[in-house]
Amino acid sequence: MHRAVLPEVRMSDAAETPALTPPYEALPPRMRSMSVNQIAEIADMAREDPEVIKLWIGEGDLPTPPFVVEAAEAAMRAGQTRYTYSQGLPRLRKALADYHQRHWGVDVAPERFAITAGGMNAIMQAMQATLSPGDEVIIPGPHWPNLAATVTVCGGVPVTVPLRRGADGGFSLELADIEAAITPRTRMVAICSPSNPTGWVMPRAEMIALRDLIRARDLWLLSDEVYNHFTYGNAIAPSFLELCEPDEKLLVTNTFSKNWAMTGWRAGWIVMPEGLSETFASLCQYNTTSIPTFIQYACVAALDQGDDFIRTMVARCRESRRIFCEGLGAIPGIRLQPPEGSFYLMFSVDGETDSRALAVRILREAKVGLAPGTAFGEDPDGKLRLCFAISPGLAEQAMERLSTFFRRG
């Protein structure tokens, strides 16, 4: 038997081998430049502390309703634990079509829906489908940090257009500001209304004006409509699906997390224009293959049986919103405007310019977890965001702690 004789490695040969690039430095610049999500950073400081009232993340305190859990259990026991359609169960996509017809009076064909691993994955797939390297996406700010981060991950460039603040502290979006930000590289405008983190709700007339601008400039429109049910006037928030044609460049993202207390189930959906079903079926396949089949059966139950649960959630939020707005509004040096929608309240603290440091102090001294304003973009005013999707009783406890903290100075 002949054995290969390996060449002898001499020290001089080893010395001539070029140094390897460290793994972090070998990453693309866009990945190296990604900032830490400060909401998660603050939450990680005390996730396991039972004494902390956790208002940092957009998550209610109600458990997933029993009829949803039971549907998942029944599906598992029936053997629904195998691969399924990448785009989602036909039964679930039909339930989504019925849900949109019931609440917004729009006819959306079931093939225009794709089931995703939560709203986060829905937004990621929207960016994957539409962006090329260097494309710009205009986002009103302050904005949810994950929205801009998905643009960066996909090689795009997020462009923030600040929401304006009126004399009463309320937020508004000027169409002229959007138009001024459009360049030859602009590919998309991304809207979240009702807004995370500000609670701003885009009026229907302004939605129509933005739609017309999008048409005129031949851009994509991404509408994140996660919080549409959480409004505190007399009606559900409008959807761009009511205003756009089925074949327009509109992508609507949503999630089961908020309406039905299913944050940990990781289920969401995207509504796409006509003709893109195969594209998004492929994106679902290459992102996740599909979300678990038994979870999709639970989602059907949420859609078919969950309207009363949504009403309960919104009623609790309305009362907790009142508690925080009245309580914080009575403290000298705190400025706020009651949010029109979503379940977030953003407020400013006079004399504070480092909202992250302030959030850490409140966490340690008052045992209340809040998100710093710097998580949502530049924050010269020392803003903090709290989630009020909690019971009024817990909101009272949190308000007592915050009042003690701020009045103590």
Side-chain angles (χ1 to χ4, degrees), residues 37-64 142 144 169 194-199 227 230-232 257-258 261 263-264 312-352 354-376 379 381-409:
N37 184 312
Q38 291 186 25
I39 308 171
E41 181 189 25
I42 298 292
D44 286 346
M45 294 179 183
R47 285 183 190 270
E48 306 301 323
D49 188 339
E51 295 183 10
V52 172
I53 299 177
K54 302 170 176 65
L55 311 180
W56 40 43
I57 290 174
E59 184 172 54
D61 63 344
L62 284 175
T64 304
W144 183 41
S195 165
N196 173 11
T198 63
Y227 302 100
F230 293 88
T231 57
Y232 306 103
S257 293
K258 314 301 183 180
T263 51
T312 297
M313 285 271 286
V314 174
R316 292 169 94 247
C317 287
R318 181 179 290 109
E319 178 61 13
S320 294
R321 168 182 175 270
R322 181 193 66 78
I323 290 166
F324 282 117
C325 287
E326 291 180 359
L328 289 169
I331 300 173
I334 288 184
R335 293 174 288 115
L336 62 88
Q337 175 70 14
E340 302 170 75
S342 77
F343 45 55
Y344 304 105
L345 172 62
M346 202 166 210
F347 61 95
S348 300
V349 183
D350 287 348
E352 295 287 349
D354 188 342
S355 59
R356 183 191 175 279
L358 179 59
V360 172
R361 280 182 53 214
I362 293 171
L363 176 61
R364 291 175 176 166
E365 298 175 25
K367 293 287 188 177
V368 178
L370 304 178
T374 46
F376 308 98
D379 179 35
D381 302 325
K383 290 187 285 292
L384 296 166
R385 187 203 73 174
L386 63 79
C387 171
F388 55 82
I390 56 175
S391 71
L394 190 59
E396 293 278 11
Q397 292 180 44
M399 194 57 248
E400 288 177 10
R401 295 184 188 186
L402 290 172
S403 181
T404 299
F405 175 87
F406 285 114
R407 291 183 187 280
R408 187 175 63 228

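All heavy atoms count here, side chains included; hydrogens, waters and symmetry mates do not. FYI, the numbering just counts along the sequence from 1.
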Participant: So does Arg316 pair up with Asp61, basic N to acidic O under 4.0 Å?
Facilitator: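 Yes, Arg316 and Asp61 are salt-bridged.
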Participant: Calculate, to the nearest 0.5 Å, the distance between atoms OG1 and CD belonging to Thr404 and Glu400 respectively.
Facilitator: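 Taking OG1 in Thr404 and CD in Glu400, the distance rounds to 7.5 Å.
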Participant: Do you know the tightest heavy-atom contact between Phe343 and Lys258?
Facilitator: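 Taking Phe343 first and Lys258 second, the nearest heavy atoms are CZ-CD, 3.7 Å.
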Participant: Rounded at 0.5 Å granularity, tell me how far CD1 in Ile57 sits from CG in Asn37.
Facilitator: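 So the CD1 of Ile57 and the CG of Asn37 are separated by 8.5 Å.
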Participant: Work out which heavy atom in Pro392 is nearest to a heavy atom in Glu319; give both atom names and the distance.
Facilitator: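 Answer, listing the atom of Pro392 first, then Glu319: CG-CG, 3.6 Å.
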Participant: If we only count heavy atoms from C-beta on, is the Arg321 to Pro339 side-chain gap below 4.5 Å?
Facilitator: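 Yes, at least one pair of side-chain atoms sits under 4.5 Å.
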Participant: Checking ring pair (Phe, Tyr, Trp, His ring centres under 6.0 Å) between Tyr227 and each of Trp144, Tyr232, Tyr344, which is the one that passes?
Facilitator: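 Result for ring pair (Phe, Tyr, Trp, His ring centres under 6.0 Å) with Tyr227: Tyr344.
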Participant: Applying side-chain contact (heavy atoms from CB on, under 4.5 Å) between Trp56 and each of Asp44, Leu363, Leu370, report the one that passes.
Facilitator: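 Answer after filtering Asp44, Leu363, Leu370: Leu363.
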Participant: Sort out for me which residue in Val349, Leu384, Leu336 forms a side-chain contact (heavy atoms from CB on, under 4.5 Å) with Leu328.
Facilitator: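 One option only clears the test, and that one is Leu336.
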Participant: Ring centroids only, cut at 6.0 angstrom: are Phe324 and Phe347 within range, meaning strictly under it?
Facilitator: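 For Phe324 and Phe347, the ring centres are not under 6.0 Å apart.
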Participant: For Ser348 and Arg335, what are the C-alpha separation, side-chain angles and deciding distance, and is it a side-chain contact (heavy atoms from CB on, under 4.5 Å)?
Facilitator: CA-CA 5 Å; Ser348 300; Arg335 293 174 288 115; 3.6 Å; yes
Participant: Kindly compute the distance separating NZ (Lys383) from CG (Leu345), expressed to the nearest 0.5 Å.
Facilitator: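 Here the rounded value is 12.5 Å.
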Participant: Just by distance, do the side chain of Ser342 and the backbone of Ser195 share a donor-acceptor pair under 3.5 Å?
Facilitator: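 Yes, the answer is positive, given that a donor and an acceptor are paired below the 3.5 Å cut-off.
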Participant: Are the side chains of Phe376 and Asn196 in contact, using a 4.5 Å heavy-atom criterion?
Facilitator: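 Sidechains of Phe376 and Asn196: in contact.
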Participant: Can you tell if the side chain of Phe230 reaches within under 4.5 Å of the side chain of Pro194, non-hydrogen atoms only?
Facilitator: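 No, their side chains stay 4.5 Å or more apart.
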Participant: What heavy-atom pair brings Arg385 and Pro197 nearest, and what distance separates the two atoms?
Facilitator: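 So the two residues come closest at CD-CB, 3.4 Å.
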Participant: Short question: side chain of Ser355, backbone of Gly373 - any donor-acceptor pair under 3.5 Å?
Facilitator: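 Present.
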Participant: Salt bridge check: are Asp49 and Lys367 linked by an N-O gap of less than 4.0 Å?
Facilitator: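 Judged by the 4.0 Å cut-off on N to carboxylate O distance, Asp49 and Lys367 do form a salt bridge.
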Participant: Between Val52 and Val368, is the side-chain contact (heavy atoms from CB on, under 4.5 Å) condition met? List the steps.
Facilitator: CA-CA 5 Å; Val52 172; Val368 178; over 6 Å; no
Participant: Decide yes or no on side-chain contact (heavy atoms from CB on, under 4.5 Å) for Ile334 and Asp350, but give the supporting numbers first.
Facilitator: CA-CA 6 Å; Ile334 288 184; Asp350 287 348; over 6 Å; no
Participant: Which heavy atom of Ser403 sits nearest a heavy atom of Ile331, and at what distance?
Facilitator: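 Where Ser403 meets Ile331 most closely, the heavy atoms are CA-CD1, 3.8 Å.
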Participant: How about Met313 and Leu62: do any of their side-chain heavy atoms sit closer than 4.5 Å?
Facilitator: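 Yes, their side chains come closer than 4.5 Å.
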Participant: Is it the case that atom CZ in Arg364 sees more than 12 heavy atoms from other parts of the structure closer than 6.0 Å?
Facilitator: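 At most 12 heavy atoms, drawn from other residues, nucleotides or ligands, come within 6.0 Å of this atom.
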Participant: Please give me the minimum heavy-atom distance between Pro63 and Ala261, naming the atom from each residue.
Facilitator: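 That closest heavy-atom pairing would be O-CB, 3.7 Å.
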Participant: Between atom CE of Met346 and atom OG1 of Thr198, what is the distance when rounded to the nearest 0.5 Å?
Facilitator: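 Answer for the CE-OG1 pair, Met346 versus Thr198, is 7.5 Å.
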Participant: Are the charged groups of Glu41 and Arg356 less than 4.0 angstrom apart, N to O?
Facilitator: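 Counted as a salt bridge, because a side-chain N and a carboxylate O are separated by less than 4.0 Å.
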Participant: Can you name the nearest heavy-atom pair linking Ala366 to Arg401, along with the distance?
Facilitator: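 Shortest heavy-atom contact: O-CD, 3.1 Å.
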Participant: I need the Ile53 CD1 to Ile362 CD1 distance, nearest 0.5 Å.
Facilitator: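 Answer for the CD1-CD1 pair, Ile53 versus Ile362, is 12.5 Å.
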Participant: Below 4.0 angstrom, N of the basic side chain to O of the carboxylate: do Glu365 and Arg408 qualify?
Facilitator: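 Result for this pair is yes, salt bridge flagged.
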